[in-house]
Protein chains: 2
Amino acid sequence: MAMDTKTQILNAAEQLFAEHGFGDTSLRAITTEAKVNLASVNYHFGSKKQLIQEVLQRYLKVFMPQVDQQVKALLAEHPQPSVEQVFTSLVKPLLLLNQVRPDGTALFVRLLGRGYSESQGHLRKYITFHYGQMLKNFVDAVHLAVPELSKAELFWRLHFAIGTFVFTMASSKALSEIALADYQQQVTVEGIIHRLMPYISAGVGAKAHVSMNQSNPVLEIA
Amino acid sequence: MAMDTKTQILNAAEQLFAEHGFGDTSLRAITTEAKVNLASVNYHFGSKKQLIQEVLQRYLKVFMPQVDQQVKALLAEHPQPSVEQVFTSLVKPLLLLNQVRPDGTALFVRLLGRGYSESQGHLRKYITFHYGQMLKNFVDAVHLAVPELSKAELFWRLHFAIGTFVFTMASSKALSEIALADYQQQVTVEGIIHRLMPYISAGVGAKAHVSMNQSNPVLEIA
DNA sequence: ACCCAATTCAAACAGTAGTTTGAATTTAAC
DNA sequence: GTTAAATTCAAACTACTGTTTGAATTGGGT
């Protein structure tokens, strides 16, 4: 059955992509794991690039609307939310992905990490293009929480937050192993997500200030 | 002259590694840029892997002792430093790298970002092995600044901080272009470093707290 | 001028990548 | 049961990778 083959490829691909990254996962490794023929990837998906997109899309199409919904619900109840409230509205949508696929949350955040690290901005553009409005809604909600930050400062803070999140998730397997070996901590992706919230919230909400021993390092034109 | 060839390779390599990553930079691209013969890389460095190490080593051997010195100086004057003071002690050593090579600071932080993202823990182990004591000194200094955090919590916070730093730096070129286009900001790596300090400091120093709608996600064994 | 080691060079090697091909097979509709 | 489309398959193709080879060239010491 065709649908079966396609799904088997997606499942094997996301697993290997999350673990080894997109570049270091060959189509042969995927088709071997999925127990399908090598050519079936190009038959069903056209190219490796499109396969990667469909792997991500399977989660994004669930995740993004969920976030949008959560943010709207938060703002309805708290017109002036805290930073932590806004970022915590990501948690439920993330955990919901476990219903898309077994261990879906962990897979998605790792894929997101890989995508951001390896795709040199492609993923960013892809998300902006397909979910621009939802993205804007989220950014606006953060701005409501920290109105004292300029739009430019907010831009940087949000990308710092993305960096924190994405790097941690991409490295989550390694970090979990270290935490277990060195601190006897049994860690789950869910646990890491919750640990991240205070850090990111405090970071994004930090008071901006000019540097000490440095004449204005950022030039504002116009 | 041999030394010339070796240096030309290092210079071309770091440039291309920083821009495209280690995996996506071929030896042929490097030797073409350096205007040397393809085989000279293996002749002078043995392998691509060793070339990558020497590229990083050129900066690390300057950077790490400088950090150690800064931290010791800080603690001598402030036995109970603030988080921001500890992290700000990274700034001078970073900027000093501009004396190692033109634009050395930017090159180093990007290489560091690439190394952490692409080398699946190899770089982490390399640094731990070669600069273990200096690393420990820095971690201890951070712990002095936030004694209320457990060692395990500190471990996570520091890796969050690494993530923030590394991802931002690896993406710094793209982010700078966006900032210029969308916010008319002329950004330098130096400027980004200074912008990062409040975020990282606030994040690392944030009060840890158990999550709201989640029964203890992290299990402490023993 | 000679020699020997260091270095450079063009070429080939072995391995892997994504993709394409065309025949074989399966599937579903009539 | 026949037919036609959809799918699977083994194999080959093209392109690119890091590395090695052995000859040519260079440079410094005597």
Side-chain angles (χ1 to χ4, degrees), chain A residues 1-58 111 114-115 117-123 125-126, chain B residues 1-58 111 114-115 117-123 125-126:
Chain A
M1 200 161 294
M3 203 52 190
D4 237 7
T5 296
K6 208 175 169 181
T7 307
Q8 278 175 289
I9 292 173
L10 282 173
N11 293 351
E14 71 173 3
Q15 168 64 40
L16 292 170
F17 284 154
E19 185 152 6
H20 304 111
F22 301 114
D24 288 343
T25 301
S26 68
L27 294 186
R28 283 167 178 81
I30 294 170
T31 53
T32 300
E33 172 77 19
K35 299 194 214 303
V36 300
N37 186 273
L38 169 61
S40 56
V41 172
N42 290 281
Y43 177 78
H44 286 285
F45 297 92
S47 67
K48 184 181 183 180
K49 194 169 183 174
Q50 286 173 260
L51 169 62
I52 294 174
Q53 282 188 1
E54 290 210 32
V55 164
L56 284 168
Q57 183 60 16
R58 197 152 60 140
L111 290 168
R114 299 290 186 179
S117 314
E118 295 182 27
S119 79
Q120 58 197 46
H122 280 38
L123 178 59
K125 288 166 196 157
Y126 181 84
Chain B
M1 201 161 290
M3 203 51 190
D4 238 7
T5 296
K6 207 173 170 183
T7 307
Q8 276 176 293
I9 293 173
L10 282 173
N11 293 350
E14 71 173 1
Q15 168 63 40
L16 291 170
F17 284 154
E19 185 152 5
H20 304 111
F22 301 114
D24 288 342
T25 300
S26 69
L27 294 185
R28 284 168 179 80
I30 294 171
T31 53
T32 299
E33 172 77 20
K35 300 192 213 303
V36 301
N37 186 273
L38 169 61
S40 56
V41 172
N42 291 283
Y43 177 77
H44 285 286
F45 297 92
S47 67
K48 184 181 182 180
K49 195 170 182 173
Q50 287 173 260
L51 169 62
I52 294 174
Q53 282 188 1
E54 290 210 32
V55 164
L56 284 167
Q57 184 61 15
R58 197 153 59 140
L111 290 168
R114 299 290 186 181
S117 314
E118 295 182 26
S119 78
Q120 59 198 43
H122 281 38
L123 178 59
K125 287 166 196 156
Y126 180 86

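Below, chain A is the first sequence line, B the second, and so on; all start at residue 1.
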Please tabulate the protein-to-nucleotide N/O contacts below 3.5 Å involving nucleotides 23-26 of chain D, giving atom names and distances.
none

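- Rounded to whole angstrom, the span from the CD atom of A:Gln50 across to the P atom of C:dG18 amounts to 15 Å.
- A distance of 6.5 Å separates CG in A:Asn42 from CG in A:Leu27, rounded to the nearest 0.5 Å.
- Taking atom CG of residue A:Leu51 and atom C1' of nucleotide C:dA17, one finds them 15 Å apart after rounding to whole Å.
- A:Lys48 has its side chain out of reach of A:Val41: every pair of non-hydrogen atoms, C-beta onward, lies at least 4.5 Å apart.
- To the nearest 0.5 Å, the span separating NE2 on B:His44 from OG1 on B:Thr5 amounts to 5.0 Å.
- Here CD of A:Glu54 is found 7.5 Å from CD of A:Gln50. Values are rounded to the nearest 0.5 Å.
- Using a 4.0 Å cut-off on heavy atoms, the residues of residues 23-38 of chain A that approach DNA chain D are A:Arg28, A:Asn37, listed by number.
- Atoms CD1 and CZ, from B:Ile30 and B:Arg28 in turn, are 11.5 Å apart once rounded to the nearest 0.5 Å.
- Relative to the side chain of A:Ala39, the nucleotides C:dT21, D:dT19, C:dT8 differ in distance, and C:dT21 lies closest.
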Give the table of side-chain donor-acceptor pairs shorter than 3.5 Å for residues 15-25 of chain A, with sequence neighbours excluded, one pair per line with atom names and distance.
from    : atom 1 : to       : atom 2 : distance (Å)
A:Gln15 : NE2    : A:Glu19  : OE1    : 3.3
A:Glu19 : OE2    : A:Lys173 : NZ     : 3.2
A:Thr25 : OG1    : A:Leu16  : O      : 3.2
A:Thr25 : OG1    : A:Gly21  : O      : 2.7

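- A close approach under 4.0 Å does not occur between any side-chain nitrogen or oxygen of B:His44 and OP1 or OP2 of C:dA6.
- Note: A:Lys6 NZ to A:Leu51 CG = 10.0 Å, rounded to the nearest 0.5 Å.
- At whole-Å resolution of the value, CD1 in A:Ile9 and C1' in D:dT7 are 11 Å apart.
- Here the CG atom belonging to B:Leu123 is positioned 13.5 Å from the CZ atom belonging to B:Arg114, to the nearest 0.5 angstrom.
- For the pair B:Phe45 and B:Gln53, the minimum side-chain heavy-atom distance is 4.5 Å or more.
- Rounded to a whole Å, the CG atom of A:Asp4 is 16 Å from the P atom of C:dT26.
- Rounded to whole Å, atom C1' of C:dT16 lies 16 Å from atom NE2 of A:His20.
- Distances shown here put a side-chain N or O of A:Thr5 below 4.0 Å from the OP1 or OP2 atom of D:dT8.
- In this structure, B:Phe45 atom CZ and C:dT7 atom C1' are separated by 14 Å, rounded to whole Å.
- Of the two residues near DNA chain D, B:Tyr43 and A:Tyr43, the one whose nearest nucleotide lies more 5' is A:Tyr43.
- Closest contact between the side chain of A:Asn42 and the listed nucleotides C:dT19, D:dT8, D:dT19 involves C:dT19.
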